[in-house]
Every structure is written in C-alpha cells, then in structure tokens.
Amino acid sequence: MSVYATYPLIPIVGAAFYTLLLLMPLIKKGQTPSQNRWLITVIAISILWEFSIFAAPHINFPNLSTNLLLLSIIAITGATSAFLEWRIPRVALILAGLAIISAFVVDFLAADHVINFPQIGQLGITTGTLLTYTSGLIIAALLLAKTWREYKATAFPWHANRLLFWFMILFAIFFGEFLQFFDNLSLILVGQILRFMGVLGMAYGIASFRIFDVRRRVLRAITFTIVNIISALPLIIAVLAALFLSSEYEDTPGLFTAVLITIILMVGFFLYEPYHKLVEKITFRYLRGESLNSNQIMRNYSQAISRTLDVQHLSLLIAGTLSELLESNRCALLLITKMENGRLEIEPIPGMGQISRKVELIPQENLFITTLFSHSQPILQYDLDFSPDFKDLGDLSRAWLKSQAMEVFVPIGSGDEMEGMIAIGPKISAVPYQPGELEIMQILADQTVVALQNARLYSELNEQNEQIRYLNIGLVEQNERLEIMDRVKSDFITIASHELRTPLTQVKGYSDILEAMNEENALTREQTREIIGHIKRATVQLEALITAMLDASQLDVDGMQLTFVKTRIDTIIRLASEPLAQAIRERRISVTVEGVDTLPGIYGDFKRLVQSFTNLIGNSVKYTPDNGSIHIKAQPLPSVNGDEFLEIVIKDTGIGIDPKYHELIFEKFFRIGDPQLHSTGSTKFKGAGPGLGLPIAKGVIEAHGGKIWVESAGEDEGRLPGSQFHILLPVKPPDLELHTDEQLAAKQAYLVG
Ligand code: ADP
C-alpha cells in the first residue's frame with residue numbers, strides 16, 4: 001500500500017466522509033434499533049480503518065488495516081442480517097468471531113511468520129494476512145451468494161428490489177475493498193469511492209424503508225445514455241465529414257471550413273429537437289414496451305361497472321382492467337362485511353389467478369384495515385413486512401395477508417364506509433409497482449365504490465327474494481299438507497262410519513233374519529250354521545277394525561307396549577306372509593325373498609313386527625295387479641358408530657305412489673283416493689282399507705329405533721312404476737344395551753305418534 005504512503009491525505013479525507021456519514025443514522029433513525037446499531041458499527045470501523053491506513057507507516061502492526069477490513073465485513077454481515085431479517089446460525093457467528101480473533105492474535109504474535117510451501121518455496125505472504133484474506137473472502141462470497149439467491153427466489157417485486165439493492169451495495173463495498181490491494185492510485189481511489197458509495201447506500205437503505213426501484217433507475221440511466229449518444233451522432237459525423245471535405249480545398253481550416261461547420265450546426269440546431277424526440281420515442285418503445293392509453297381503459301372501465309350489478313362480474317372487470325393496465329396476473333375483490341360481534345368478514349371474490357375463497361373473520365380494529373381505510377391509500381405487502389407502521393400487526397393477520405400472495409391492497413371506500421378492497425398480485429414482469437401505478441389503482445378503486453355498493457345491495461335483494469321464494473314454496477307445500485290433513489279429518493268420520501257400519505249392518509241383518517226365521521220355526525240346522533257363519537265373519541272384521549283403531553290411537557296417547565325378544569327377520573317375514581298366501585296364489589303374484597337367511601338375529605317385539613310386515617306385504621299385494629311380483633330383499637348395513645342396522649326393502653310392481661303422498665300415507669286414516677270407497681279389508685286389487693296399516697307399521701318400527709320410508713316414481717296404473725318400502729331396523733334397539741335377555745323381554749317401548 002505504498003500509494004497511501006505517497007498520498008496520506010486520501011485516508012484522512014475518507015475518514016472525514018465516513019464521519020459525516022455518521023450523522024445520518026443519528027439524524028434519521030433506521031427501521032429497527034438493531035439496523036441502526038449495525039450501521040453505526042460499520043461506519044465506525046470504516047473510520048478506524050481509514051485512520052489505520054494513515055497510521056500504518058508509523059506503527060508496528062502491518063496488518064492492522066486488513067484486520068479492520070475483516071472486522072468491517074463481519075459488521076456488514078450483522079447489518080445485512082438485520083436489514084434482510086436473516087437469522088444467522090450461531091455456528092457461523094462463532095466461526096467468524098474465531099477468524100477475527102485468530103487473525104489478530106497471529107498478527108500480534110507472529111507478524112513476520114511467512115508461509116512456506118515445499119514445492120513453490122516462499123509464498124511471500126504472512127500467515128496472518130492469509131488468514132485474514134481467506135476469512136474475509138469466504139464471508140463476503142457467502143453474503144453475496146445468499147443475497148443473490150434470495151433475490152432470485154422472491155416472488156414479490158418490491159421485496160426483490162430490496163434484495164437487489166442490498167446486493168449491489170455489498171458488491172460495491174467488497175469490490176471497493178478488493179481494489180485497495182492494488183498498488184495503483186486510480187484503482188485505490190476508485191475503490192475508496194466505491195466503498196464509500198456502498199456504505200452510503202447502506203445508510204440510505206436503512207434510513208428509508210422503501211428503496212427506489214433499482215432496475216427502473218438503471219434502465220432509465222441506460223436509456224438516457226443511449227438516447228443522447230444516438231441524438232448527437234449525426235451531428236458529430238456531419239462535422240467530422242465537413243472537416244474532412246474542407247481539407248481537400250484548404251490546407252489549414254479557414255473561412256470555407258468555418259462556413260461549412262456553421263451551416264451544419266445551424267441545420268443541426270433546427271433538426272436536433274424533432275430528431276431527438278423521435279430517437280427518444282423509438283428507444284422508449286423498444287426498451288419499455290408500447291405505452292398504453294390508460295385514460296381510454298379507465299373510461300371503458302367506468303362505463304362497464306356502471307352497467308354491472310353482479311359482484312363476481314365486477315371482480316372480473318377489475319381484474320381485466322388491471323391486467324391490461326399494469327400487467328398483473330393475480331387479482332381478487334375482497335368484500336368486507338361488518339358483523340354484529342364487532343368483527344369484519346372478508347370474503348374473497350376471485351378475479352384472476354388461483355384465489356382461495358376462504359372467508360376470514362378479523363377484528364374491526366385490525367391495524368391493517370384501520371390504516372388502509374383511514375389513509376385511503378394502497379398498502380403494499382412490502383410495507384406490511386418492513387414499514388415500522390405495521391410493527392404491531394398481529395401474527396395471525398400477517399400470516400393471512402401473506403397467504404394471499406398479493407402485492408398491493410387497495411381500499412374501496414374510506415373511513416367507516418368499508419366496502420371491500422382490491423388485492424393485486426405482482427406484475428408478470430416482476431417489476432415493482434410505481435407510485436403512479438398505485439395512484440391509478442386507487443382511482444380505479446374510488447370509481448368502484450358506488451358500483452360495488454349497488455352490486456352488493458342487488459345481490460342482497462336477490463338473496464332475500466330467493467329466501468322469500470323458498471319460504472313461499474314451503475308455505476304452499478305446508479298449505480297443501482294442511483288441506484289434505486283437514487280432508488283426512490273429515491274423511492276419518494266417513495271412513496270410520498263406513499268401516500264400522502258395514503260389518504255392523506251385516507251382524508244386524510243376519511240376526512234379524514235369525515230372529516224372524518226362528519219365530520216361524522223355519523230354521524234348519526244348515527241355515528242356522530250359515531247365518532251364524534256370516535255373523536261371525538262380520539264380528540271378526542269388526543274386531544280387527546277396532547283393534548287397528550285402538551292400536552292407532554295408542555300412537556297418540558301413551559305409546560304401545562312392546563315386548564322385546566330375540567327373533568329373526570326370516571321368521572317374521574314368513575309369518576307375516578302366511579295370512580296372505582291364499583290371495584297371492586289366487587292373484588298369481590310372485591313373491592321372492594332374498595338375503596334373509598344370513599341375517600343376524602335381532603331384538604324386537606315379534607308380534608308387532610309380524611303385524612307391521614303383514615300390513616306392508618298386504619299393501620303390496622293390494623296395490624299390485626294380478627300376475628305382478630313382490631320382491632323382499634334384506635341385508636345388514638355397515639355399522640355406524642357401533643350401531644348395527646338391517647335394511648329390508650319390499651318392492652312391488654304395483655301402481656306406485658305419487659311423491660306428494662310419500663309422507664302423508666303414514667298419517668292415520670289417510671288413503672289415496674275416494675274415502676267413500678268401502679273397506680273390503682280384502683286383498684283384492686286396490687281393495688281399500690281404513691288407512692291404518694302404514695301408520696301402525698311406522699309406529700312399531702320407530703318404537704324399535706328404526707325408520708321407514710317409501711320410494712316411488714309416481715302413481716300410474718298403466719305403466720306400473722311400483723313402490724319400494726324401505727325399513728331400517730336396529731339389531732339391538734339403542735337403549736337396550738345394558739339389559740339382560742330376561743329384562744329385554746320385559747322392556748316396554750313407547751310409540752311416538
Ligand atoms: P290402507 O288400509 O288403505 O291400505 P295404509 O295405511 O296401509 O292404508 O296405506 C295408505 C295408502 O297408501 C293406501 O290407501 C294406498 O293408497 C297407499 N299405499 C300403501 N302401500 C302401497 C303400495 N304398495 N302401492 C301403492 N299404494 C300403496
């Protein structure tokens with residue numbers, strides 16, 4: 001470093017500049033105290049370094065300045081980790097500390113120790129110097145590499161800009177330091193200036209959290225240079241040509257040359273301005289792409305939004321306009337709704353790109369939201385991450401905002417009027433958004449307020465309309481049901497009187513005949529037996545009807561007493577079909593049973609279950625024309641939460657049931673068709689009954705903890721769509737688990753009406 005021995009003023013001036021720079025962190029505090037501390041450390045070491053260069057010839061510590069440089073590299077590492085929020089592993093810190101200590105120690109104890117390699121001989125470098133160089137080089141290379149890698153990896157342009165800026169600063173500092181090792185005045189001067197500029201940049205970066213757009217500035221500088229060179233070129237060529245030409249006429253430049261050059265300059269003066277503009281236009285177009293007519297786009301946008309009343313469409317319009325204006329490839333409209341509990345519901349409406357539709361609830365006093373709407377200015381994700389204003393933003397909000405992967409959030413509405421926000425992702429080109437572009441976004445958002453309000457009101461109105469329509473449908477259905485129920489009530493009287501009167505009339509008629517014939521002594525044994533037979537049948541019918549009515553009435557009053565025993569479905573079905581066997585034969589209906597043999601036994605009231613299945617199979621027989629078929633299929637269902645169920649389906653090829661009656665047929669005394677029809681109690685095709693078979697079956701099955709429902713495409717005597725009655729029965733009724741078999745037998749279950 002003999003240059004410094006000749007020019008000792010250089011380090012002194014350097015120290016003075018660095019001292020001035022020390023004022024910067026004192027005047028304007030950095031974003032965090034640790035950034036400030038590291039910056040002051042870097043500048044302080046830089047001052048010491050300059051002094052150490054100045055003092056080098058006078059002290060006996062030849063490597064002091066190099067060691068101070070190593071120290072400064074370590075301080076720069078600290079500043080970098082504070083600025084870029086890195087967590088540097090402790091091992092790395094210990095290693096760096098060891099490197100610097102050993103460099104000092106080696107220099108102090110064995111300043112003159114020179115490394116010898118047997119093959120090369122003396123390397124001419126002391127151990128201390130080698131140690132300092134290698135440590136400094138490794139740390140600097142690692143820092144540069146890590147910053148570059150992160151710059152390449154980040155998707156957010158403003159984040160990338162911060163990293164690029166820092167990379168350039170590091171590069172300037174390290175390159176400046178590298179130049180110090182040359183024994184050349186110019187290189188050393190350039191190195192000093194570069195290093196100072198680097199540290200200055202560091203101070204600027206730390207003091208102002210939003211750094212200028214590095215790439216744009218560089219691009220602008222390049223454009224500026226190109227434009228000016230190209231603009232000046234024709235004039236230079238013309239002047240040179242004039243000089244060359246005039247040399248033909250004049251040996252020494254004289255009047256002719258002067259006149260020629262004056263003419264050229266005058267013409268050039270007139271032509272320069274339009275030519276310069278043209279060059280500028282072409283260069284700008286080439287380097288930055290064609291400029292868009294943003295006014296036209298905004299006008300089209302405001303016309304389009306005034307016509308839309310749909311929030312989703314609005315979101316698409318916003319995304320389309322923004323992608324045209326700013327070339328972003330991700331955009332969403334986030335609707336904000338104030339909830340009653342003081343929270344805000346944020347509902348994303350995707351506009352462009354993959355956007356999660358997950359609704360988020362956040363407190364109304366959330367720092368992000370209050371800042372957004374009180375300032376009515378876009379907020380960048382970069383601001384959220386680095387601005388001191390958002391230091392207190394909660395971790396949850398931070399994580400949620402980050403998960404949106406958006407670059408800018410623009411408020412729609414201001415103050416208390418929070419309609420929503422536009423969230424915009426990074427540009428496709430990864431160039432950061434400029435202040436002018438953020439302004440365009442805000443103008444767009446301001447234009448959107450009224451349109452969004454209208455669209456939301458409209459969709460609310462639509463929702464309410466839909467709800468009313470839905471309620472109306474429910475009401476109509478309910479009304480229809482009530483009407484039918486009302487009819488059933490009056491039908492009940494008709495049916496009951498019909499049902500009861502028919503056998504009663506028979507009993508009365510036959511007993512009158514019996515009495516009359518008896519008085520005349522005209523009764524033969526045979527006649528008496530026949531008449532009594534008629535009376536008996538009528539009483540049996542009467543008894544069956546009264547039992548059914550009593551059973552049905554129990555459903556409403558105190559429930560039906562059930563006696564649980566272990567039984568099997570196949571036995572129940574067999575016994576239930578027995579009374580119908582003759583009718584099935586006579587009407588040539590085929591009955592098939594499938595899957596009952598392998599079913600597990602169940603706990604149930606045997607008699608009641610037989611009665612229910614008789615009703616069900618009887619109905620299938622009654623409502624299936626001659627030559628039809630009935631298929632009974634049973635299977636165990638997969639157990640749910642440990643509860644096992646059996647499913648039995650009784651499927652017939654009968655007339656079917658209109659879906660609007662699927663629930664009503666399980667109501668007491670309800671039967672489809674004319675109530676005036678006589679109960680025949682028989683198994684004839686469409687032989688009407690009193691409308692009690694299904695309610696009783698339902699009551700019994702539900703008392704077992706089971707379920708019954710019907711499926712049928714509709715009623716049609718021509719097409720015969722058939723009906724399927726589904727019965728679910730638990731293997732063990734739910735509340736019986738703790739009982740023994742004997743207790744089970746005594747258990748009572750109650751029917752619910
Ligand atoms: P009913 O004593 O009249 O048979 P239910 O309560 O057993 O009374 O049945 C009520 C009504 O349900 C019947 O009147 C009939 O219209 C209809 N129904 C029941 N089962 C069937 C079936 N398998 N096919 C067609 N209709 C049926």
Side-chain angles (χ1 to χ4, degrees), residues 481 484-485 487-488 491-492 494-496 498-500 502-503 541-542 544-553 555-556 576-577 579-580 583-584 587 589-591 608 610-626 628-633 648-702 708-727 751 753:
R481 200 180 144 87
I484 294 172
M485 292 303 291
R487 212 186 67 211
V488 167
D491 285 356
F492 160 68
T494 326
I495 294 170
H498 263 289
E499 299 297 316
L500 290 169
T502 317
Q541 202 180 333
L542 208 57
L545 184 66
I546 290 170
T547 313
M549 284 168 99
L550 274 177
D551 283 348
S553 74
L555 304 178
D556 284 336
S577 324
L580 305 163
I584 291 171
R587 299 201 26 229
I589 290 173
S590 84
V591 179
R608 289 295 187 194
V610 170
Q611 180 190 10
S612 306
F613 277 88
T614 309
N615 291 351
L616 289 165
I617 302 169
N619 276 348
S620 287
V621 173
K622 273 198 288 187
Y623 297 101
T624 301
D626 294 359
S629 65
I630 299 169
H631 183 64
I632 304 170
K633 185 179 172 188
I648 302 118
V649 184
I650 303 171
K651 182 178 172 185
D652 60 47
T653 55
I655 58 172
I657 303 165
D658 189 327
K660 72 175 175 200
Y661 298 129
H662 283 185
E663 280 175 34
L664 283 167
I665 52 171
F666 293 99
E667 295 290 342
K668 289 189 289 288
F669 295 107
F670 179 84
R671 66 185 194 198
I672 305 165
D674 186 3
Q676 297 287 346
L677 278 177
H678 267 294
S679 158
T680 55
S682 78
T683 45
K684 281 203 314 225
F685 179 47
K686 287 175 67 184
L692 291 173
L694 288 181
I696 291 173
K698 182 178 182 214
V700 170
I701 285 157
E702 284 183 351
I708 177 168
W709 72 94
V710 68
E711 284 171 12
S712 170
E715 187 181 331
D716 192 328
E717 256 182 72
R719 281 194 306 110
L720 298 173
S723 318
Q724 294 180 34
F725 281 83
H726 290 253
I727 301 115
L751 294 175

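Order of appearance sets the numbers: ligands from 1, and atoms from 1 within every ligand.
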* Structure fact -> Under 4.0 Å from one or more heavy atoms of Ser620, ligand 1 contributes atoms 23 (N)
* **Nearest heavy-atom neighbours spanning Glu667 and Pro695** => O-CG, 3.4 Å
* Is it true that Tyr661 lies under 4.0 Å from ligand 1, counting heavy atoms only? -> no
* Asked: Against heavy atoms of Gly691, which atoms of ligand 1 measure under 4.0 Å?
  -> 1 (P), 2 (O), 3 (O), 6 (O), 8 (O)
* Counting each atom of ligand 1 from 1 as listed, which ones have a heavy atom of Asp652 under 4.0 Å away? -> 22 (C), 23 (N)
* Asked: ligand 1 and Phe725, any nitrogen or oxygen pair closer than 3.5 angstrom?
  -> no
Enumerate donor-acceptor pairs with a distance under 3.5 Å from any side-chain N or O in residues 657-664 to protein atoms, sequence neighbours excluded.
unit_1: Asp658; atom_1: OD1; unit_2: Lys660; atom_2: N; d: 3.1
unit_1: His662; atom_1: NE2; unit_2: Ile657; atom_2: O; d: 3.0

* Asked: Does Gly654 have a non-hydrogen atom less than 4.0 Å from ligand 1?
  -> no
* Asked: Looking only at heavy atoms of Lys622, does any of them come nearer than 4.0 Å to an atom of ligand 1?
  -> yes
* Asked: Does at least one non-hydrogen atom of Asn615 fall below 4.0 angstrom from an atom of ligand 1?
  -> no
* Structure fact -> Any heavy atom of Ile657 under 4.0 Å from ligand 1? The part involved is side chain
* Asked: Should Phe670 be listed as contacting ligand 1, given a heavy-atom distance under 4.0 Å as the test?
  -> yes
* Kindly identify the option in Leu616, Asp658, Asn619, Val710 whose heavy atom sits closest to atom 7 (O) of ligand 1. => Asn619
